[in-house]
Amino acid sequence: MQRDDLREKTAQGLARCDGAAVQLGHCPEDCPYFAESERADKCVQKLHADALSVIKGYMAHAMSVEEAARNAYSYYHTPDSVKPVFVQFRDETYADEGLTPPWRGGVNQRALLKEPDRYGKDFVFWTDRPSEEQMKGVEWDAAN
């Protein structure tokens, strides 16, 4: 299921699945989870799992090199529309004037990705500004 479809289904489920229906032990017929299971406990379990997945999708996470490249090159002909990312450098001496500050748009993302073998060794892209704790948790490639 596509991310937008899951988000819409989860929003509809949360809007239709109220506490009273669950306590009565049934899933409302207009709930998008009804077709999957008429048992309220199963409906709520699936709704809960999907809601958690949607929420986690909005949390900052370090991108894979493939995800970073998709982000940087998805709007190649319109560089202003590339989603900004947070760039975490392994060693701040690597960050030079042309590639910092850490919030960058498409052009500098593409410049960094010209050497994809350095991704995960010298820098990583985040989907949003990470916490200090998240940045400390990055497992850098030991080959560097």
Check your understanding: Is the shortest distance from a Lys or Arg side-chain nitrogen in Lys121 or Asp117 to a carboxylate oxygen in the other one below 4.0 Å?
Key -> no

Check your understanding: With a 4.0 Å cut-off, would you call Glu67 and Arg70 a salt bridge?
Key -> no

Work out which heavy atom in [X] is nearest to a heavy atom in [Y]; give both atom names and the distance.
X: Trp140; Y: Gly120; result: CE3-O, 3.4 Å
X: Gly13; Y: Cys31; result: CA-SG, 4.2 Å
X: Phe125; Y: Ala68; result: CD1-CB, 3.4 Å
X: Pro130; Y: Ala60; result: CA-CB, 4.2 Å
X: Leu112; Y: Phe123; result: O-CZ, 3.4 Å

[X] [atom1] to [Y] [atom2] distance, which is reported to the nearest 0.5 Å:
X: Phe86; Y: Arg129; atom1: CZ; atom2: CZ; result: 5.0 Å
X: Leu14; Y: Asp50; atom1: CG; atom2: CG; result: 9.5 Å
X: Ser131; Y: Glu133; atom1: OG; atom2: CD; result: 5.5 Å
X: Ser53; Y: Arg7; atom1: OG; atom2: CZ; result: 11.5 Å

Among all residues two or more places apart in sequence or in another chain, which pass the side chain to side chain contact (heavy atoms under 4.5 Å, CB included) test with [X]?
X: Leu52; value: Lys56
X: Glu132; value: Met135
X: Asp30; value: Arg16, Pro28

Would a 4.5 Å heavy-atom cut-off, applied to side chains only, mark [X] and [Y] as touching?
X: Leu47; Y: Thr10; value: yes
X: Val85; Y: Asp128; value: no
X: Val124; Y: Arg90; value: no

Practice item. Examine the side chains of Asp141 and Tyr119 and answer whether a donor and an acceptor come within less than 3.5 Å of each other. Key: no

Review point. Stepwise, does the side chain to side chain contact (heavy atoms under 4.5 Å, CB included) test hold for Gln134 with Trp126?
Key: CA-CA 10 Å; Gln134 287 174 307; Trp126 289 81; 3.7 Å; yes

Check your understanding: More than 12 foreign heavy atoms under 6.0 Å from NE2 of His61: is that the case here?
Key -> yes

